[in-house]
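Comments concern the structure below.
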Amino acid sequence: MTSSPLSPSRRGVLRSSTAAAVAGLATAGASGTASAAPSAPAGKDGIVRNRLRFREDGTFTVVQFNDTQDGPRTDRRTIALQEAVLDDVEPDFALINGDVIDGAPTSALEAKQAINNVVRPMEDRGIPWALTFGNHDEDSSERTGMDESAYVDFVRQYSHNLNTPGAGGITGTGNQVLTVRPSRDKGDAFALWLLDSGRYAPDQIAGQDFEGYPDWDWLRPDQVQWYLETSAALERRNRGLVPGIVFQHIALWEHRFAWFASVDSRTEEDHARAAQKHSIVGERNEDECPGPFNSGMFAAMLQRGDVKGLFVGHDHINTYVADYYGIQLGYAPGTGFGPYGLGGADEHRLRGARVFHLDESVEGIYAGTELRFAKDYGVDLTAGTQPSEPAEFPEGVG
């Protein structure tokens, strides 16, 4: 079930080189097809309504791409994979869940080109889409002048984008919840939570560094509190819990715990026990990389009882999903062919996407998830990169 782990030093090199670089909708129509609509309004409460709706048959499909993570000359196979999945699945909503681009852009134009390349597959098909932010999206900000806020302003020019600046007054950019209307009624039938899990831990806190700890970022208490309050508000408005899925880039500590069904012991026997207890499916080829602190988000979700799963990326060669005490914790594999993969002849074996199925006829509406891989569509898996020319911007976008 597992392959050789990615060398910790390789992760460390990626982390340190990145830090050095920085220092230096559309509505789903009653027929089930997506159609163009103005960008979602920017509500200060972070709730976006009336842009997504279940199909007449009561179904709704979501595609999660992750870590497209490339520059203005995106690997052509990344786009081919996106297009193949979208044409096959015909989703009602698609998400790029963080690390949309890398640190390669040297100007605002190149940063916009890098984003444009990987959102055009959704935009050209009229599929409502959004993105969250990961640790790499601002790697080029010092050179380009483009930060997360500027990226939100940019993507909101696209006809089918559903991003907003997000809830006001809390940590991060674009923290929001997209609600999906029922097929034959008003209200909020399902919730798609998009959270900004940040970038990196600070160098020090209280004079203490993070040597020996994971030094990525974590959700802050105000973000967790926003989720709790907004979840409760949805419940009041709809006279019952509104089930949902959370998308953020960086894993929770509970992702680490789930694979071994343990906090401290991490043996093959522990995983065998965990696989049975938590119904684990998929691969784990590198250590999970959360922040140094447990955000409390899992405990918050457990208390509310509305979230069916929380899905991340960040660790490109993990694909597993676990039923962790009633909430699925899972990964989408890296979609991009530019960043690191498994290495060697298997470098691109796990390039892919995750698909989610919602069904109004199913208790809790969430009907399950599955993976789609580049290998399923005959995409070239030859090691190395295959840069392409930047795509043209749609009319009105620039």
Side-chain angles (χ1 to χ4, degrees), residues 1-8 10-11 64 66-67 97-98 193 195 197 201 210 212-219 224 227-228 243-334 342 349-350 352 354-357 363-364 366-371 373:
M1 184 172 289
T2 60
S3 302
S4 298
L6 179 72
S7 168
R10 185 175 181 188
R11 253 303 188 178
Q64 176 191 357
N66 243 103
D67 300 273
N97 191 27
W193 299 86
L195 300 181
S197 56
F210 288 98
Y213 293 91
D215 58 354
W216 283 269
D217 219 331
W218 65 94
L219 293 180
V224 177
Y227 155 70
L228 287 167
I245 299 172
V246 176
F247 295 100
Q248 64 181 63
H249 184 69
I250 296 174
L252 301 179
W253 271 95
E254 284 82 3
H255 282 82
R256 276 197 170 197
F257 301 159
W259 183 264
F260 292 104
S262 173
V263 174
D264 298 317
S265 183
R266 304 171 72 78
T267 67
E268 291 184 5
E269 291 76 14
D270 291 323
H271 172 62
R273 175 171 50 85
Q276 182 174 6
K277 177 187 290 189
H278 299 311
S279 303
I280 297 175
V281 176
E283 297 185 27
R284 176 185 181 273
N285 296 299
E286 61 176 312
D287 286 345
E288 300 83 357
C289 295
F293 304 124
N294 190 318
S295 67
M297 184 62 184
F298 183 84
M301 296 186 299
L302 202 61
Q303 176 182 333
R304 286 296 303 149
D306 55 347
V307 170
K308 303 301 180 182
L310 184 149
F311 288 83
V312 301
H314 189 48
D315 308 317
H316 305 178
I317 51 180
N318 289 343
T319 67
Y320 69 84
V321 58
D323 180 346
Y324 192 71
Y325 298 100
I327 299 174
Q328 286 194 335
L329 298 179
Y331 280 91
L342 286 165
R349 177 174 64 84
L350 293 181
R354 184 170 284 282
V355 179
F356 300 86
H357 301 286
E363 183 177 359
Y366 178 50
T369 181
E370 61 182 309
L371 294 171
F373 292 106

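Since we're looking at a predicted model, the values are computed, not measured.
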F356 and F311 aromatic ring geometry - parallel, tilted or perpendicular at 30°/60° bounds: perpendicular
Please examine the side chains of [Y] and [X], heavy atoms only from C-beta on, and report whether any two atoms are closer than 4.5 Å.
X    : Y    : result
E288 : L252 : no
I317 : R349 : no
W218 : P290 : no
W259 : R266 : no
R284 : F260 : yes
I280 : H271 : yes

Any donor-acceptor pair under 3.5 Å from N66 side chain to N97 backbone: yes
D315 side chain vs E286 backbone, donor-acceptor pair below 3.5 Å: no
Measure the spacing between [atom1] of [X] and [atom2] of [Y] and express it to the nearest 0.5 Å.
X    : Y    : atom1 : atom2 : result
L371 : E283 : CG    : CD    : 9.5 Å
R256 : C289 : CZ    : SG    : 6.5 Å
L350 : N318 : CG    : CG    : 9.0 Å
F210 : W216 : CZ    : CH2   : 13.0 Å

Listed partners of D270 passing salt bridge (Lys or Arg N to Asp or Glu O under 4.0 Å), at least two apart: R273
Derivation and outcome, side-chain contact (heavy atoms from CB on, under 4.5 Å), residues H314 and V312: CA-CA 7 Å; H314 189 48; V312 301; 5.7 Å; no
Near-ring test Y325/F257, centroid separation under 6.0 angstrom: no
Residue of the set N285, D67, L342 for which side-chain contact (heavy atoms from CB on, under 4.5 Å) holds with H316: D67
Minimum heavy-atom distance between W253 and G291, given as atom pair plus value: NE1-O, 2.8 Å
Least distance between heavy atoms, A258 atom then H278 atom: O-CD2, 3.4 Å
Under 3.5 Å, side-chain donor or acceptor atoms of residues 295-308 against the rest of the protein: list the pairs with distances, not counting sequence neighbours.
residue, atom, partner, partner atom, Å
S295, OG, M297, N, 3.2
R304, NE, S231, OG, 2.7
R304, NH1, E235, OE1, 3.3
R304, NH2, S231, O, 3.3
R304, NH2, S231, OG, 3.2
R304, NH2, E235, OE1, 2.8
D306, OD1, Y227, OH, 2.6
D306, OD2, S231, OG, 2.6

Evaluation steps, side-chain contact (heavy atoms from CB on, under 4.5 Å), between R354 and Y331: CA-CA 8 Å; R354 184 170 284 282; Y331 280 91; 5.5 Å; no
Which residues share a side-chain hydrogen bond (donor to acceptor under 3.5 Å, both in side chains) with E269, sequence neighbours left out: T267
